[in-house]
Protein chains: 2
Amino acid sequence: MTSTTRHCYDYPHPAVTTDVITFRVRADQLQVLLVRRANPPFQGRWALPGGFLDIDEDLEQCARRELAEETGIRVTHIEQLHTFGRPDRDPRERVISVAYLATVRQDDPAQPVAASDAAAVRWFPLDELPGLAFDHGQIIDKARQRLRDKLEYTSLVFQLTAETFTLGELQRLYEAIHGSPLDKRNFRKRMLGLGQIEETGHTRRNGKHRPAREYRIRHPQRVEYF
Amino acid sequence: MTSTTRHCYDYPHPAVTTDVITFRVRADQLQVLLVRRANPPFQGRWALPGGFLDIDEDLEQCARRELAEETGIRVTHIEQLHTFGRPDRDPRERVISVAYLATVRQDDPAQPVAASDAAAVRWFPLDELPGLAFDHGQIIDKARQRLRDKLEYTSLVFQLTAETFTLGELQRLYEAIHGSPLDKRNFRKRMLGLGQIEETGHTRRNGKHRPAREYRIRHPQRVEYF
DNA sequence: CCAAAAGTGTTCACCGTACACCCATGA
DNA sequence: TCATGGGTGTACGGTGAACACTTTTGG
């Protein structure tokens, strides 16, 4: 458990980890993926999936790898969120965590599978979070805020939708993320006006109601600024 | 130069540094503070001020400290920008750099003084940057983009102005940052309409022209979203 | 025919933009 | 009196917000 390491630079080296906040929307709820820690510290607590950076590994690759190892989940989109480094955030030694925000499509059938350091994996609705290990509560707060902000000025939503979707689904997705209801007519007018989506030509029948037109993203496009 | 270090976690530890992109506006130019490296690697090259994280030090504090040690500069505002960690970004060993974006007031009289690892310190206009060490060119690009973006939706500008300023000065500052000229009447209407600034009651005489009204920030306020 | 979601337009307030002239000062 | 930056208002177009009824389907 204790090791010695050679360094070129004559400074003590902190540990570096990545943690991943993975969002999806299911049942009109915004959810995050958490793992139950199999090992100390915080053994048995829920936490963000993540782990130590390999010495020749890119940061983003580390985030993807740790997520895959602990949960089996592969994400649609991933981006760096913020780096958390309070000296006391890990009780054992100094740990710097580079946090990533990731998304999974609404219709992704993949079931998370606990493995590696994870004793269990589960999607949690954001308003029913358990007590979390480390500073992971704060990290999730920051990620949620970022997600909400980016809804307004990027096309990040389309990383959370299914490949095709109805306007009703899209609206419920927006509403799930920033919590308040939207006006249907205004919402549709805006979405169609932005020219980001187009009809597939099909309709989707939803139970016993009027079938809805199906849409897709027009050009596979940037998630960043329009 | 080579050391051994004990770690609790059984993983090789990369080095962690902070680098600071410090902006100011002077002579209607947006400028960044650079240091000439006194030591290898990249000895003699210009680089961002920054250095290794002390083991019990907060990340932001490290950024401030390294900046002060190498240049003597104290900033008005500092915020985390992004973490850069390409495996090959430092030729000697793996180094993760947490970059910070900082600002200095336009009228700050402090002169930078080279010390510690810096052989020299200088403010460079952004369009006359020298060749830079490491990936510092990319880091500056990202910082510049962030600064430009935040001009639009935060009150970050007021971390770059003097304590008091005229509307002409403020407009030239905006123009220096995003590079294009603005309409005077529209600029003034917007600035006054936002209610973020107020007259001090004084006027400023500027050479042989009509004196300009002097303004200050109304409530010392958030730099983040309005 | 009933329940439930899909679909549809207009009005208004506000905001960003384009645009040109007079004012106060020092030399 | 002239050169220079300071200071001012109006008209137009686009966008976000409020707001209610008809259509289509399955049961």
Side-chain angles (χ1 to χ4, degrees), chain A residues 25 27-28 106 148-155 157 161-162 164-216 225-226, chain B residues 25 27-28 106 148-155 157 161-162 164-216 225-226:
Chain A
V25 173
D28 297 341
Q106 201 164 22
R148 268 200 281 249
D149 292 344
K150 283 205 143 189
L151 268 205
E152 310 298 331
Y153 62 95
T154 69
S155 47
V157 222
T161 59
T164 64
F165 45 86
T166 67
L167 288 175
E169 288 167 356
L170 189 59
Q171 181 174 347
R172 286 194 295 279
L173 200 152
Y174 265 91
E175 290 171 338
I177 294 173
H178 65 276
S180 48
L182 297 171
D183 180 87
K184 203 204 309 188
R185 281 171 293 185
N186 292 336
F187 180 79
R188 284 160 183 256
K189 187 153 24 97
R190 179 155 51 92
M191 279 302 148
L192 296 173
L194 286 174
Q196 300 186 100
I197 61 176
E198 62 189 6
E199 297 189 28
T200 63
H202 304 138
T203 57
R204 196 85 72 79
R205 35 209 83 235
N206 177 23
K208 56 177 183 173
H209 311 303
R210 175 173 175 174
R213 295 188 198 159
E214 191 181 71
Y215 292 83
R216 70 166 88 88
Y225 306 98
F226 296 140
Chain B
V25 174
D28 296 341
Q106 202 163 21
R148 267 200 281 251
D149 293 344
K150 283 205 141 188
L151 267 205
E152 310 300 330
Y153 61 94
T154 68
S155 46
V157 220
T161 58
T164 64
F165 45 86
T166 67
L167 288 175
E169 288 167 355
L170 189 58
Q171 183 174 345
R172 286 193 296 278
L173 201 152
Y174 265 91
E175 289 172 338
I177 295 174
H178 65 277
S180 48
L182 297 170
D183 180 87
K184 202 205 309 188
R185 279 170 295 186
N186 292 336
F187 180 80
R188 283 161 184 256
K189 185 151 30 94
R190 179 157 49 93
M191 279 302 147
L192 296 173
L194 287 175
Q196 300 187 98
I197 60 176
E198 62 188 6
E199 298 190 29
T200 63
H202 303 139
T203 58
R204 196 82 74 79
R205 33 210 82 237
N206 175 23
K208 56 179 184 172
H209 310 303
R210 175 174 175 174
R213 295 187 198 162
E214 191 181 72
Y215 292 84
R216 69 167 89 87
Y225 307 97
F226 298 141

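In what follows, chains are A, B, ... by sequence order, proteins preceding strands, each numbered from 1. Basis for what follows: all heavy atoms, side chains included, without hydrogens, waters or symmetry-related copies.
If you check every strand for non-hydrogen atoms under 4.0 Å, R188(B) touches a base. Contact annotation for G193(B): no contact, since no heavy-atom pair falls under 4.0 Å across all strands.
Whole-Å rounding puts the E214(B) CD to dG7(D) P distance at 11 Å. Taking atom CZ of R210(B) as the reference point, atom P of dT25(C) lies 8 Å away to the nearest angstrom. Between the CG atom of D183(A) and the C1' atom of dA6(C) there is a distance of 14 Å, rounded to whole Å. Rounded to an integer number of Å, the gap from CG of L192(B) to C1' of dG6(D) is 13 Å. Distance CZ (F187(B)) to P (dG6(D)): 12 Å, rounded to an integer number of Å.
If you check distances only, the side chain of H209(A) never reaches the base of dT25(D) with a donor-acceptor pair under 3.5 Å. In terms of polar N and O atoms assigned as donor or acceptor, the side chain of K184(A) comes within less than 3.5 Å of the base of dA6(C) in a complementary pairing.
For DNA chain D, no neighbouring residue in residues 165-173 of chain A is found when judged by any heavy atom under 4.0 Å.
Between R204(A) and dT24(D) there is no side-chain polar atom (N or O) within less than 4.0 angstrom of OP1 or OP2.
Side-chain N or O atoms of E199(A) include none that pairs as donor or acceptor with a backbone N or O of R213(A) at under 3.5 Å.
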Which pairs, protein N/O on one side and nucleotides 11-17 of chain D N/O on the other, fall under 3.5 Å?
from, atom 1, to, atom 2, distance (Å)
dA17(D), N6, K189(A), NZ, 3.3

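Summary of the strand contacts: K208(A) and R185(A) both lie near DNA chain D, and taking for each the nucleotide with the nearest heavy atom, the more 5' one is attributed to R185(A).
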